[in-house]
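Notes follow the structure.
Numbers here are sequence positions counted from 1.
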Amino acid sequence: MIEILPVSIRDNYEVISGFMHLLHLHEYDLNDKTAAWKDIETSYMRHVISMQGESEGLCLMAYVNSVPAGFVFGYVEEQDDSRIEIHEGKELYVSDGFVLEEYRRMGIYRMLNAALEQHYINQGVKRIIRFTLMNNTKIRQFLEEEGYVVSRLLYEKWVE
């Protein structure tokens, strides 16, 4: 049985931080500029806890037979007048998400994403934004299947 439930990041710090650590290991495999989790855990977890409390954040946890299997986290960002898009108002920023390997191919991430999106759509959000690495082909395919389109490319140059 799969359940999707809202959780407090602060109250589930160890589980969420553990998932974030595994997410960062995966991202490091895709991009060697990804910071080591041990170097950013405290500040990043402080950030997501803050966003959950101050920016209408929602963390959903998936449970399979009462065992935490994955999560997704997003929060609201308010557009200001420096943006070039026509819509003004709240937008959902999907910050992080992860499903343990042994629970993949069960549709859990799709369920988490759908529940997160629906929660914010019900609150009037009209735009959902996400960032992912160019070579993260699995999530890019998933996002395209879910109706997302690439609207910008981020170019970066690392100098010594």
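Within the 4.5 Å cutoff, the side chain of Ile16 has heavy atoms near those of the Met20 side chain. You'll find the side chain of Phe98 stays beyond 4.5 Å of the side chain of His24, heavy atoms only. For the pair Pro68 and Phe19, the minimum side-chain heavy-atom distance is below 4.5 Å. Proximity of Val67 to Tyr103: side-chain heavy atoms (C-beta onward) are separated by under 4.5 Å at one or more points. The side-chain heavy atoms of Leu112 and Val99, taken from C-beta on, include a pair separated by under 4.5 Å. For the pair Tyr148 and Ile128, the minimum side-chain heavy-atom distance is below 4.5 Å. Side-chain contact between Thr132 and Phe142 is absent, with no heavy atoms from C-beta onward closer than 4.5 Å.
Closest heavy-atom contact between Gln52 and Arg10: OE1-N, 4.5 Å. Between Phe71 and Cys59, the closest heavy-atom pair is CD1-SG, 4.0 Å. Across Asn135 and Leu30, no two heavy atoms sit closer than the pair ND2-O, 2.9 Å.
A distance of 14.5 Å separates CD1 in Ile139 from CZ in Phe131, rounded to the nearest 0.5 Å. To the nearest 0.5 Å, atoms OG (Ser95) and CD1 (Ile129) are separated by 10.5 Å. One distance of note links CG of Leu22 with CD of Glu101; it measures 10.0 Å at 0.5 Å rounding. Within the model, atoms CG of Asn65 and CD of Glu3 stand 9.5 Å from one another, a figure rounded to the nearest 0.5 Å. To the nearest 0.5 Å, atoms CD1 (Ile2) and OH (Tyr63) are separated by 14.0 Å.
Proximity of a side-chain donor or acceptor of Tyr120 to a complementary backbone N or O of Leu58 within less than 3.5 Å is detected. The main-chain N or O of Leu92 is never found under 3.5 Å from a side-chain atom of Glu56 such that the two would form a donor-acceptor pair. The closest donor-acceptor contact from the side chain of Ser43 to the backbone of Ile40 lies under 3.5 Å.
Residues Asn113 and Glu117 bring a donor and an acceptor atom of their side chains to less than 3.5 Å of each other.
Residues forming a side-chain hydrogen bond (donor to acceptor under 3.5 Å, both in side chains) with Ser50 (at least two apart in sequence, or on another chain): Glu54.
The local environment of CD in Glu145 is crowded, with over 12 non-hydrogen atoms from other residues, nucleotides or ligands closer than 6.0 Å. For Lys33, the NZ atom counts as densely surrounded, since its 6.0 Å shell holds more than 12 non-hydrogen atoms of other residues, nucleotides or ligands. The local environment of CZ in Arg130 is crowded, with over 12 non-hydrogen atoms from other residues, nucleotides or ligands closer than 6.0 Å. By the neighbour-count criterion of 12 heavy atoms within 6.0 Å, atom OH of Tyr28 is sparsely surrounded, having that number or fewer from other residues, nucleotides or ligands.
Ring orientation note: the planes of His21 and Trp37 are close to parallel, at an angle under 30° on the 30°/60° scale.
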